[in-house]
Amino acid sequence: MTSVVTAGGISVTIRGAVVDESETVLDRLVSDGVPGSLASRNAKLWGPDAAPLAARRLGWLGLPETSRYLCDGLTELVGEVRSAGLDRVVLAASGGPALAAEAICRTAGADLTVLDTTDPHEVSAVLAAGLDRTLVVVADEGVEAESLRRVFGRAFSEAGLKGAELARRFVVVAEEGSGLQQAAREVGHHFVPAEPDVDGRFGALGARALVPAALAGVDVGALLDEAARLAAVLRQPYDNPALALGAALASSALGSRDKLVIADLGSGLDGFAAWAEQLVAGAMGKDGKGLLPVVVEGVDAPGFELTGDLRRVILGRRPDEPGPGREAGVSVAGPLGGQFLLWEYAVAVACRVIGVDPFTEPDVGESRESTAALLRSEEGAAPTVVHRPPELVEGAVEVHAPEDALRGARTLTEALDVLLEDVEDGGYLALLAYLDRTGDAAAAELRPLLAARAAKVRRSPAPVTFGWGPRCLHTAGQYHKGGPANGAFLLVTGSVSGDVPVPGKPYSLGELQLAQAFGDLRVLRSIGRPAFRIHLRDRAEGLDRLAAALG
C-alpha cells in the first residue's frame with residue numbers, strides 16, 4: 001500500500017503498514033482541527049502547561065513572509081563587507097541555527113565556515129586560514145560562541161586591527177534588549193535583530209540562520225519563496241504533506257518503531273539530515289518519549305536494514321529498483337526552504353500527538369551546569385577535571401570506564417564488544433566525538449563500523465548514532481537525557497597540541513572542550529546510562545587503532 005501527498009512543492013510518500021498507522025493518527029488530527037489551529041498559532045495545542053511558552057515560540061510559522069525584510073535589509077551590509085574585501089564568513093553559533101545555515105550554504109554551494117565547536121585544533125585551523133578576509137557572525141549567547149568571539153577578537157587585535165575597524169569585523173544577530181545586543185552596540189559591532197518569538201530549534205528560516213547565509217552569498221529570498229509555497233497549504237486537512245509527515249512520525253513514536261533512520265538518496269540537500277536530527281531529537285525527546293533520529297551514510301549503510309524498532313526515511317525520491325531503500329516507510333522530496341517548514345510543522349504536530357511540549361529543553365541544562373561546575377568559572381579558578389587512570393591502554397588509545405564495567409576485557413576490541421553488549425534490547429549506542437570535525441574527520445567513519453560490529457556480537461542489531469562534541473549537546477543531547485532510557489554512550493576525547501586561551505577567562509578552548517565532555521559524561525552516568533570514554537593520546541593513530549579494533 002502506498003500513499004503519496006504532494007502540495008506546495010513537497011512530496012511525501014508513505015509505504016507499507018505505516019500507511020494504515022499514520023492514517024489513523026491523521027484522521028484524529030483532522031477531527032481535532034489541528035491544521036487550522038496550528039496555522040492560527042493556537043498556543044494551547046500542546047496542553048495548558050505548554051501554552052505560556054508556546055505563545056512566545058510560534059513565530060516560525062510566519063517566517064516565510066516575516067523574514068523577507070532580510071532580503072533588502074542586508075543589501076547595504078553585504079555591500080559594505082564585500083567592498084572591505086571580507087568574503088570569508090565564519091559563523092559562531094550552536095544548535096539549529098548553525099546546522100540550518102550550514103545546510104543552506106552547502107546546498108547552494110556557498111562558502112561558510114561554521115564553528116559550533118570548542119576544539120582548539122579546528123579553531124586554530126580557521127584562524128590560520130586568512131584573517132584579512134574574515135567576517136565573524138555571532139548568532140548565539142552560549143559558551144561556545146562567546147568563547148569564539150573573544151578568541152577572534154584577540155586574533156584581529158594581534159593582526160593589527162583596532163577600534164572601529166576591529167569592531168566591524170563582527171556581525172551580531174540577537175534579540176533586541178539581550179545582553180549580546182547591548183555588548184554589540186557598546187563596542188560598535190554590526191547588529192541585526194533576531195525574532196523574539198522564534199527559538200533556534202525551529203528557526204531555520206529566521207535571522208540567526210539566514211544572515212550568515214546571505215553574507216556568504218546565498219539568495220535567501222529564493223529559499224523563502226520555496227517555504228511560502230508550502231505555507232499556503234498548511235491549513236488544509238488533506239493534501240497537506242506536512243500533516244501527513246507529522247502523522248507518520250507520531251504513529252512511529254506511539255508504536256514500537258521509535259528509531260527514525262534517515263538516509264539521503266539524491267535529495268541534493270547537503271547537510272539537511274543533520275538539521276532534521278537536531279529538530280526531531282530535541283523537540284520530541286523528553287518525558288521518556290520521542291523518536292531517536294539515526295542519520296546513516298546511505299541506503300546501503302550498516303544500520304539501514306529494516307528491523308522491528310526502526311522507521312526508515314529517505315530524503316529524495318525512493319529507488320525505482322528493488323533494494324534496501326525500496327521498502328522504506330517514508331520518503332520526502334522537495335526544495336530546501338519547503339523542507340525546513342515541512343519538518344518543523346510535522347514535528348510540532350507529532351509532539352502534540354505523543355504528548356510532549358516541543359519548545360522546552362528540560363534536560364539540556366544539566367550538562368551545561370555540570371560543565372560550569374567543572375570549570376569553576378564563578379570562583380575564577382582553573383578548571384578542575386579529575387583524571388583517573390585508564391582501565392585499559394592499547395597503543396594510543398585509553399579506555400576509561402567505571403570500575404569492573406569492562407568485565408575483564410583485555411583488548412580494545414573486547415572492550416568495545418562489552419559496550420555493545422551493554423546496549424539493551426530496543427536501545428541504541430551514541431558515539432560522541434569531542435574532536436576536530438575537519439582534522440579528525442575519520443571519527444565519523446567509526447559509526448558504520450560500530451553498527452556492523454553490533455550486528456555481529458549481539459543477538460539483535462543496535463542502532464548507532466554519531467555526533468560531534470560539543471555540537472551533540474545542542475542536537476541530540478535533550479533526547480539522550482530526556483528520551484527513553486535505553487541509550488549507551490561512547491565519548492571520544494583527544495590530546496591537544498597547541499591549545500587556544502580564551503581571553504578574559506581562566507580556561508583555554510581545550511580545557512573547555514574537555515570539561516564539556518566530562519560534564520556530559522557525569523550527567524549520563526548519574527542517570528544510570530552505560531557510558532565509556534575513550535581518550536586518544538595521538539588523534540590520528542588512535543582513530544586508526546579504533547577502526548582496526550572494529551574490524
Side-chain angles (χ1 to χ4, degrees), residues 60 63 67 70 74 77 81 88-108 110-119 122-123 126-127 134-153 169-175 178-181 183-184 189-196 198-216 218 220 223 271-272 274-279 281-282 340 361 364 368 371 436-438 467-478 502 509 512-513 516:
W60 54 272
L63 289 177
S67 286
L70 294 169
L74 290 176
L77 177 57
V81 299
R88 179 171 178 262
V89 181
V90 174
L91 173 61
S94 63
L99 291 160
E102 187 168 68
I104 291 167
C105 290
R106 286 169 59 176
T107 298
D111 185 16
L112 175 69
T113 300
V114 174
L115 282 181
D116 55 353
T117 183
T118 49
D119 186 86
E122 187 171 345
V123 174
V126 174
L127 289 170
T134 297
L135 178 75
V136 179
V137 180
V138 181
D140 194 323
E141 295 187 74
V143 65
E144 296 95 343
E146 171 59 17
S147 297
L148 292 169
R149 185 182 68 81
R150 291 170 178 265
V151 166
F152 273 89
R169 287 299 190 97
F170 290 89
V171 177
V172 170
V173 187
E175 291 184 28
S178 65
L180 188 54
Q181 184 259 350
H189 293 331
H190 299 285
F191 176 74
V192 180
E195 307 81 7
V198 177
D199 69 1
R201 206 169 291 286
F202 284 80
L205 297 170
R208 291 180 178 87
L210 295 189
V211 168
L215 290 168
V218 175
V220 297
L223 195 76
F272 178 80
W275 175 84
E277 176 189 30
Q278 66 83 31
L279 174 67
F340 280 140
E361 295 182 327
V364 167
R368 184 168 56 244
T371 297
D436 175 353
R437 279 203 302 155
T438 302
W468 293 104
R471 170 181 284 193
C472 57
L473 299 176
H474 308 283
T475 55
Q478 169 59 46
V502 179
L509 288 182
L512 172 57
Q513 182 187 41
Q516 289 175 309

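- Between Trp275 and Phe340, the ring planes are perpendicular. Angles over 60° get that label, and only those under 30° would be called parallel.
- Looking at Leu99 and Glu277, their side chains never come closer than 4.5 Å, going by heavy atoms from C-beta outward.
- When all heavy atoms of Leu91 and Pro97 are compared, the closest pair comes out as CD2-O, 4.4 Å.
- Here the shortest heavy-atom pairing between Ser94 and Asp116 reads CA-CB, 4.0 Å.
- Taking all atoms of both residues into account, the shortest heavy-atom contact from Ala110 to Ala216 is CB-O, 3.7 Å.
- Annotation: the span from His474 atom NE2 to Gln278 atom CD amounts to 11.0 Å, rounded to 0.5 Å.
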Does the side chain to side chain contact (heavy atoms under 4.5 Å, CB included) test come out yes or no for Phe170 and Val138, once each step is laid out?
-> CA-CA 7 Å; Phe170 290 89; Val138 181; 4.1 Å; yes
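- The distance from atom CG of Leu512 to atom OG1 of Thr118, rounded to the nearest 0.5 Å, is 4.5 Å.
- A distance of 12.5 Å separates CZ in Phe191 from CG in Leu77, rounded to the nearest 0.5 Å.
- With His190 as reference, Val171 is the one residue of Val173, Val171, Leu215, Val172 to meet the side-chain contact (heavy atoms from CB on, under 4.5 Å) rule.
- Expressed to the nearest 0.5 Å, how far CG of Leu210 lies from CD1 of Ile104 amounts to 5.0 Å.
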Leu70 and Val192: side chain to side chain contact (heavy atoms under 4.5 Å, CB included), yes or no, with the steps?
-> CA-CA 9 Å; Leu70 294 169; Val192 180; 4.1 Å; yes
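- Separating the CG atom in Leu127 from the CZ atom in Phe152 is a distance of 4.5 Å, to the nearest 0.5 Å.
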Please walk me through it: do His189 and Leu180 pass side chain to side chain contact (heavy atoms under 4.5 Å, CB included)?
-> CA-CA 10 Å; His189 293 331; Leu180 188 54; over 6 Å; no
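- With salt bridges taken as basic N to acidic carboxylate O contacts below 4.0 Å, one links Arg471 and Glu102.
- Shortest non-hydrogen contact noted between Arg208 and Ala139 is CD-O, 3.7 Å.
- The shortest side-chain heavy-atom distance between Val218 and Leu223 does not fall under the 4.5 Å cut-off.
- Closest heavy-atom contact between Leu509 and Ser147: CD2-CB, 4.1 Å.
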Using the side chain to side chain contact (heavy atoms under 4.5 Å, CB included) rule, take Asp199 and Glu361 through it: C-alpha gap first, then chi angles, then the decisive distance, then the call.
-> CA-CA 11 Å; Asp199 69 1; Glu361 295 182 327; over 6 Å; no
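- The backbone N or O of Thr134 lies less than 3.5 Å from a partner atom in the side chain of Arg169, making a donor-acceptor pair.
- A donor-acceptor pair under 3.5 Å links the side-chain atoms of Glu195 to the main chain of Ala207, judged by distance alone.
- Expressed to the nearest 0.5 Å, how far CG of Leu473 lies from OG1 of Thr371 amounts to 6.5 Å.
- A pairwise comparison of heavy atoms in Val364 and Gln478 identifies N-OE1, 3.4 Å as the closest pair.
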